[in-house]
Visitor: 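Right, I'll just put the structure down here and ask away after.
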Amino acid sequence: MAAREALREELTKAWTHHRDGRHSAAVDAFKAALLRNPDQVDVLYGLGLAQRAGGNAAAAADTLARCLAIVSSRNEQSPADDQMAMLKRMVEQRLAETRSRGA
């Protein structure tokens, strides 16, 4: 339970930085959370968005592609999970936008 609460606090901090336009701080906060949660899709998705907002399209595309691979795998394991299918589409859209616009 403590690990879940710690992750929630880390994500809140990272998303707050991102929403406030402090993209470098958001990237750092998401990366710190990623060290302890390497396959956590919320962390990867947020990191990808923060990297893109900070102008690092290449890193954002790599991060979002990693996120998509994890989500796709989970979606294949539970194809009836509508939430996972929706998340997969959302990540696919952000990745396509990032790749097509380069930012």
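Treat the numbers as computed from the prediction; the structure is a model and nothing was measured. By convention here, the first residue in the shown sequence is residue 1.
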Visitor: Are the side chains of Pro38 and Arg66 in touch, meaning some heavy atoms are under 4.5 Å apart?
Guide: yes

Visitor: Would a 4.5 Å heavy-atom cut-off, applied to side chains only, mark Arg22 and Thr16 as touching?
Guide: yes

Visitor: Output, in order, the C-alpha distance, side-chain angles, deciding distance and verdict of side-chain contact (heavy atoms from CB on, under 4.5 Å) for Lys13 and Asp28.
Guide: CA-CA 10 Å; Lys13 178 181 171 183; Asp28 291 344; over 6 Å; no

Visitor: For His18 and Ala53, which heavy atoms make the closest approach, and how far apart are they?
Guide: CE1-CB, 3.8 Å

Visitor: Closest heavy-atom contact between Arg94 and Arg52?
Guide: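 Nearest heavy atoms, Arg94 then Arg52: O-NH1, 3.5 Å.
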
Visitor: For His23 and His17, what are the C-alpha separation, side-chain angles and deciding distance, and is it a ring-ring contact (aromatic ring centres under 6.0 Å, His included)?
Guide: CA-CA 6 Å; His23 305 300; His17 288 315; over 10 Å; no

Visitor: Is it true that a side-chain atom of Asn56 and a backbone atom of Ala59 form a donor plus acceptor pair closer than 3.5 Å?
Guide: yes

Visitor: Might you work through the salt bridge (charged side-chain N to carboxylate O under 4.0 Å, His left out) test for Lys88 and Glu92, ending with a clear yes or no?
Guide: CA-CA 6 Å; Lys88 182 176 182 270; Glu92 286 171 337; 2.9 Å; yes

Visitor: Please check: side-chain N/O of Thr12 versus main-chain N/O of Arg8, any donor-acceptor pairing under 3.5 Å?
Guide: yes

Visitor: Going from CG on Leu34 to CG on Asp42, what distance comes out if it is rounded to the nearest 0.5 angstrom?
Guide: 12.0 Å

Visitor: Are Met86 and Val41 linked, directly or through other ILVMFWY residues, by side chains that come within less than 4.5 angstrom of each other?
Guide: no

Visitor: If you take all heavy atoms of Val91 and Cys67, which pair is closest and at what distance?
Guide: CG2-SG, 4.0 Å

Visitor: Considering the options Leu68, Leu95, Leu44, which one meets the side chain to side chain contact (heavy atoms under 4.5 Å, CB included) requirement together with Thr63?
Guide: Leu44

Visitor: If you take all heavy atoms of Ala14 and Ala26, which pair is closest and at what distance?
Guide: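 Reported closest heavy-atom pair: O-CB, 3.6 Å.
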
Visitor: So which heavy atom on Ala60 is nearest to which on Thr98, and how close?
Guide: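 That closest heavy-atom pairing would be CB-CG2, 4.0 Å.
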
Visitor: Could you tell me which non-hydrogen atom of Lys31 sits nearest to which non-hydrogen atom of Leu47, and how far apart they are?
Guide: CG-CD1, 4.0 Å

Visitor: Could you check whether the rings of Phe30 and Trp15 sit parallel, tilted or perpendicular, using 30° and 60° as the cut-offs?
Guide: perpendicular

